[in-house]
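Before any comments, here is the structure.
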Amino acid sequence: MKIKSIHIDGFGKWVDQDFTITANPQVIFGNNEAGKTTLAVFIRSVLFGFANAKGKNRYQQYKPRHSAAYGGSLLVEVDGQEYRIHRGAGKGGGKVTVTDQAGHRFGAGKLAELLGNVNQELYQAVFGFSQADLAAVDDLRQEEVQHHLQQLGAVGSNEWGQFVTQLLKKGDELFKPRGRKPVLNQHLKEY
């Protein structure tokens with residue numbers, strides 16, 4: 001999915017604002033309080049839903065202060081076809097509609113189909129990182145960086161990681177170089 005343009009009806013400081021995405025990847029930069037984070041949160045919110053007003057989430061809502069409608073849309077391209085994803089105020093993260101080039105309207109199911117296996121966590125890790133996220137990479141060990149890179153774009157990578165962990169655990173039950181209880185260690189001792 002490639003985002004081609006953004007229209008914000010009302011979201012935080014942005015009211016009736018349009019953005020065109022020309023680069024791939026697109027870098028969003030500007031002065032402090034320019035609205036960079038608000039724009040990034042808007043994109044994520046259109047794709048995965050607005051924060052609700054409960055608990056800690058109430059501070060993550062970006063309802064406009066003035067009478068502008070809450071929400072907006074993304075024009076995206078998927079497999080050569082363009083779709084407009086619109087999300088507005090409503091229950092359960094807001095009301096979402098997806099409109100194709102022919103004007104056919106779809107609901108949240110079509111959005112899920114367009115997103116495929118990308119959930120909010122994967123989106124944030126791969127496509128929505130910030131300068132602070134990049135600085136955190138400096139603190140990672142080589143194995144952690146390798147683990148994160150292996151997960152990029154790999155369907156079911158969490159399950160793969162769990163499977164590898166299980167295999168290593170079972171291997172440790174059979175043999176450890178300095179162990180006494182694993183089965184192979186006992187047989188080697190007998191031998």
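Keep in mind that the numbers below use all heavy atoms, side chains included, and drop hydrogens, waters and symmetry copies. Quantities reported herein were computed from a predicted structural model and do not represent experimental measurements.
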* Decide side-chain contact (heavy atoms from CB on, under 4.5 Å) for Ile21 and Lys2; before the verdict, give the C-alpha distance in whole Å, the side-chain angles of both, and the deciding distance to 0.1 Å. => CA-CA 9 Å; Ile21 306 297; Lys2 178 181 178 185; 5.9 Å; no
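- Considering only heavy atoms from C-beta on, Ile8 comes within 4.5 Å of Leu39 through its side chain.
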* To do: I would like to know whether His7 and Asp16 meet side-chain contact (heavy atoms from CB on, under 4.5 Å); could you show each step before the answer?
  => CA-CA 7 Å; His7 174 76; Asp16 193 28; 3.2 Å; yes
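- In this structure, the side chains of Ile3 and Phe19 stay at 4.5 Å or more apart for every pair of heavy atoms.
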* Step by step, would you call Arg87 with Leu111 a side-chain contact (heavy atoms from CB on, under 4.5 Å)? -> CA-CA 11 Å; Arg87 189 176 295 268; Leu111 176 57; 3.6 Å; yes
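- For Trp14 (side chain) and Thr38 (main-chain N/O), no donor-acceptor pair under 3.5 Å exists by modelled atom type.
- Distance check: Gln124 CD to Leu47 CG gives 11.0 Å after rounding to the nearest 0.5 Å.
- Ring geometry for Phe42 against Phe11 counts as perpendicular: the plane angle is over 60°, on a 0 to 90° scale with 30° as the lower cut.
- Under the side chain to side chain contact (heavy atoms under 4.5 Å, CB included) test applied with Lys110, the options Val96, Ile85, Val98 reduce to a single match, Val98.
- A side chain to side chain donor-acceptor pair (under 3.5 Å) check over residues 88-104, counting only residues at least two apart or in different chains, returns the pairs Asp100-His104.
- Hydrophobic clustering, with ILVMFWY side chains joined whenever heavy atoms are under 4.5 angstrom apart, keeps Ile43 apart from Val15.
- Between Ala69 and Pro64, the closest heavy-atom pair is O-CG, 4.2 Å.
- Under the side-chain contact (heavy atoms from CB on, under 4.5 Å) criterion, Lys63 pairs with Gln61, Tyr70, sequence neighbours left out.
- More than 12 heavy atoms of other residues, nucleotides or ligands lie within 6.0 Å of CG in Asp18, so this atom counts as buried by the packing criterion.
- Side-chain atoms of Arg84 and Leu75, non-hydrogen and from C-beta on, do get closer than 4.5 Å to each other.
- Annotation for Phe50 and Ser45: closest pair CD2-CB, 3.4 Å, computed over non-hydrogen atoms.
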